[in-house]
Protein chains: 2
Amino acid sequence: MSDSARKSRPAARAPLDRRRIAQTALQLIDHHGLARLSMRQLGSALGVEGMALYHHFHGKGELLDAVLELLLEEMEPAIGLEPPIERLRQTFEACRQVAIRHPHAFLLLPTRRFNTEAALNYYERLLGLFREVGCDAEQSARFFRVLAGFVTGASLAEIGSRAKQPDATPIRLENFSDPERYPLVSAVALHLQVERLDAIFGFGMDLIFAALREQTSPI
Amino acid sequence: MSDSARKSRPAARAPLDRRRIAQTALQLIDHHGLARLSMRQLGSALGVEGMALYHHFHGKGELLDAVLELLLEEMEPAIGLEPPIERLRQTFEACRQVAIRHPHAFLLLPTRRFNTEAALNYYERLLGLFREVGCDAEQSARFFRVLAGFVTGASLAEIGSRAKQPDATPIRLENFSDPERYPLVSAVALHLQVERLDAIFGFGMDLIFAALREQTSPI
DNA sequence: ACCTGAACACCGTTCAAGT
DNA sequence: ACCTGAACACCGTTCAAGT
C-alpha cells in the first residue's frame, strides 16, 4: 500500500540484531532452562531459521556471552551519594537478585570466561568501587575473590533450594526431614528454608564486610 | 581352555557395574569436559554399546549423580585426633583440591541436587564436624552456607583462571594486561595469578574461620 | 539378565543457493 | 546483506529382538 520499503510478507518482523537475539535467548533460558536452549528453537522464537543466527554470532558460545552481558547489566556497580562500601554491598546484593531472577541463566556467570569487552568494562567499574572503599590492588584481589566467591557460591546453592531439578535419582526430598536417618541434616535444613535465606545471606555479607571495614580506610 | 564360565569372546571384559561406569565417566569428563560426555562415547570406552548403560542407570542424570558421589568420596570429612575445627578446614580445603583435580566434573557439585543417599550421608558426616566445633543447628546452617559458598564459588573462579574455555568471543586475554584500557583490571589481575591463588584462598578461609572460632566454643 | 540394532526426535555447524 | 534448505556428524532415549 505505502511507498516505503515495507516487506510484502504478512508478518514483517523487525530485523535481527545481537541484543534482541540475546534478550530472546534469555527469555527462553528463563522459561525452559539453559540446557534446552537450542539455536533452532531460538531461531523459531524469533520467526527465523536457526541457521540465520550464525550471521550475528560466530557460534553458540558467543551467543551465551551476549546473554551473560545482559545479566551484567542487571548488576551494574552502583554510583551515587552513599558511602562506597554501601554501594559495593548493593552491587553484590544485586548479583544475588540476578540469581533469583534468572536461576537458569545465572550459571553462565561462574562458568563462562569474561572475555567480552562489556565484561572487562564491568570488572573495571566494579574494581573502581573497591578502590573507593580504600583497597589497594592486593586487597581488591583478596576481597573480590572472597566476596564474589561467597556470593556466586551461595547464590548457586539458593538456586538449588528454590528450584526443582527434574532428572535426579529417585531419592526424594522427604529424606531431608527423616530425623531417624539424617538427624543433623534434618535439624539444619530447618534453618535453610527459603524464607530464611535472606538472613543467612546477610550473615555472610556482614561477616565479610566487617573484615573489609577493619582492613581499609576509605579514600 | 579352563572349565569355568569364561566367555568365548576374545576380549572378555569384566561385567559392568555402576561404580566402574561412573569411574570411566569421570575419566572421560576429566579428559574431554563435561559437555562432551555422551552415553554412546562412555559405552564405547567401556567396550559396549551406549544403550547398555540404561540397564545400570535410569538416565544420564542418574549417571552424573554417581559421578558426583565419586567426587564426594575424595572430600570425605576428616576424622582424627586434630581439633575438630582443623578437620573442618581440611575438609573444605579438600573440596578445593577436588576442583583443581577435576576442573570439569567439579561443576556437578554446585549444579546437581544432593538427592543421593550417599550425598545425604556425606552431609550428615560434614554437619557432625560442625557440631563438634560447637555449632548449634542455626550456626551450622549459617557457617555451612558461608563456607560452602565461598569454597565452591572461589573454586569455580580458580577453575576459570587455570583452564581454557575454547568457544568464547574473540576478545583475547591480552586485554587483561592492557593498562591503558583496563588499569584496575590489569593491576588486580597481577594478584590473581595462579601462583598466588593458594594465598588468596587461605585469606578467605582465615577470615571465615576466625569468625567461626569467635562465635563458638568446641564441645 | 544383559546387551544390541534400529528408530525417533532432537542437536551445532557448514555451505551452497536463493532474494 | 541476510536468510533458507539440505546435509553432516552427532545427541538422549525407547523398545523389540537377540543370547
Side-chain angles (χ1 to χ4, degrees), chain A residues 4-22 24-25 28-29 31-67 104 108 111-112 165-170, chain B residues 4-22 24-25 28-29 31-67 104 108 111-112 165-170:
Chain A
S4 79
R6 292 272 159 70
K7 295 283 164 44
S8 55
R9 290 295 193 67
R13 32 155 244 279
L16 294 181
D17 64 293
R18 289 173 64 101
R19 187 171 176 78
R20 210 163 61 82
I21 295 172
T24 307
L28 288 182
I29 293 168
H31 282 68
H32 306 113
L34 192 52
R36 292 233 282 272
L37 177 77
S38 78
M39 300 298 271
R40 287 168 155 103
Q41 270 190 37
L42 176 56
S44 90
L46 288 158
V48 108
E49 294 293 312
M51 294 71 200
L53 303 174
Y54 287 87
H55 267 268
H56 300 89
F57 296 96
H58 276 133
K60 198 181 182 182
E62 215 179 277
L63 166 67
L64 294 176
D65 284 338
V67 175
H104 295 111
L108 295 171
T111 246
R112 293 203 66 78
Q165 193 169 358
D167 64 337
T169 106
Chain B
S4 78
R6 292 270 160 73
K7 296 281 164 43
S8 55
R9 289 297 193 66
R13 31 155 246 278
L16 295 180
D17 65 293
R18 287 172 66 101
R19 188 173 176 79
R20 209 162 64 83
I21 295 172
T24 306
L28 288 181
I29 294 168
H31 282 66
H32 306 113
L34 192 52
R36 290 234 282 272
L37 178 76
S38 78
M39 300 299 269
R40 286 167 155 103
Q41 271 189 37
L42 176 55
S44 90
L46 289 159
V48 111
E49 295 293 312
M51 294 70 201
L53 303 174
Y54 287 86
H55 267 268
H56 299 88
F57 295 97
H58 276 133
K60 197 180 181 181
E62 215 180 277
L63 167 67
L64 293 176
D65 283 338
V67 175
H104 295 110
L108 295 171
T111 246
R112 294 204 67 76
Q165 192 169 358
D167 65 337
T169 105

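First the proteins, then the strands, lettered A, B, ... as listed; each starts at 1. Only heavy atoms go into these numbers, but all of them, side chains included; no hydrogens, no water, no symmetry mates.
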In whole Å, I'd like the distance from the [atom1] atom of [X] to the [atom2] atom of [N].
{"X": "B/Phe57", "N": "C/dC3", "atom1": "CZ", "atom2": "P", "value": "12 Å"}
{"X": "B/Glu49", "N": "D/dC15", "atom1": "CD", "atom2": "C1'", "value": "15 Å"}
{"X": "B/His58", "N": "D/dG12", "atom1": "NE2", "atom2": "P", "value": "17 Å"}
{"X": "A/Leu42", "N": "C/dC10", "atom1": "CG", "atom2": "P", "value": "17 Å"}
{"X": "B/Asp17", "N": "C/dA1", "atom1": "CG", "atom2": "C1'", "value": "15 Å"}
{"X": "A/Glu62", "N": "C/dG12", "atom1": "CD", "atom2": "P", "value": "15 Å"}
{"X": "A/Lys60", "N": "C/dC11", "atom1": "NZ", "atom2": "C1'", "value": "8 Å"}
{"X": "B/His32", "N": "D/dC11", "atom1": "NE2", "atom2": "P", "value": "12 Å"}

Using atom P in both nucleotides, what's the gap between C/dA9 and D/dA9 to the nearest angstrom?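 Each nucleotide's P atom is 22 Å from the other's.
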Just to confirm, is there a sub-4.0 Å distance from OP1 or OP2 of C/dC10 to any side-chain nitrogen or oxygen of A/Gln41?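 Checking C/dC10 against A/Gln41, no side-chain N or O comes under 4.0 Å of OP1 or OP2.
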Between B/Ala25 and B/Val67 the two heavy atoms that sit nearest each other are CB-CG2, 3.8 Å
Ignoring hydrogens, what is the shortest heavy-atom contact between A/Tyr54 and A/Met39? Give both atom names and the distance.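 Heavy atoms of A/Tyr54 and A/Met39 come nearest at OH-CG, 3.7 Å.
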Just checking [X]: base, sugar-phosphate only, or nothing, at a heavy-atom cut-off of under 4.0 Å?
{"X": "B/Leu37", "result": "sugar-phosphate"}
{"X": "B/Gly59", "result": "sugar-phosphate"}
{"X": "A/Met51", "result": "base"}

Looking at the side chain of B/Tyr54, which of D/dG12, C/dT13, D/dC3 is the nearest nucleotide? D/dG12
Quick check for you: among C/dC3, C/dG12, D/dT13, whose closest atom lies nearest to any side-chain atom of B/His56? C/dC3
Base partner of C/dA17, which must satisfy Watson-Crick or wobble distances under 3.5 Å: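 Result: none.
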Please name the nucleotide paired to D/dC10 by Watson-Crick or G-U wobble geometry with both distances under 3.5 Å, or report none.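 In the structure as shown, D/dC10 has no Watson-Crick or wobble partner.
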First encountered from the 5' end of DNA chain D, between A/Arg40 and A/His55: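 The answer here is A/His55.
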Please report the C-alpha distance between B/Glu49 and B/Arg40 in whole Å, then the side-chain angles of each, then the deciding distance to 0.1 Å, and finally whether the side chain to side chain contact (heavy atoms under 4.5 Å, CB included) criterion is met. CA-CA 7 Å; B/Glu49 295 293 312; B/Arg40 286 167 155 103; over 6 Å; no
Check: B/Arg18 side chain, B/His56 main-chain N or O, donor-acceptor pair, under 3.5 Å: yes
Please walk me through it: do A/Leu63 and A/Leu53 pass side chain to side chain contact (heavy atoms under 4.5 Å, CB included)? CA-CA 9 Å; A/Leu63 166 67; A/Leu53 303 174; 5.5 Å; no
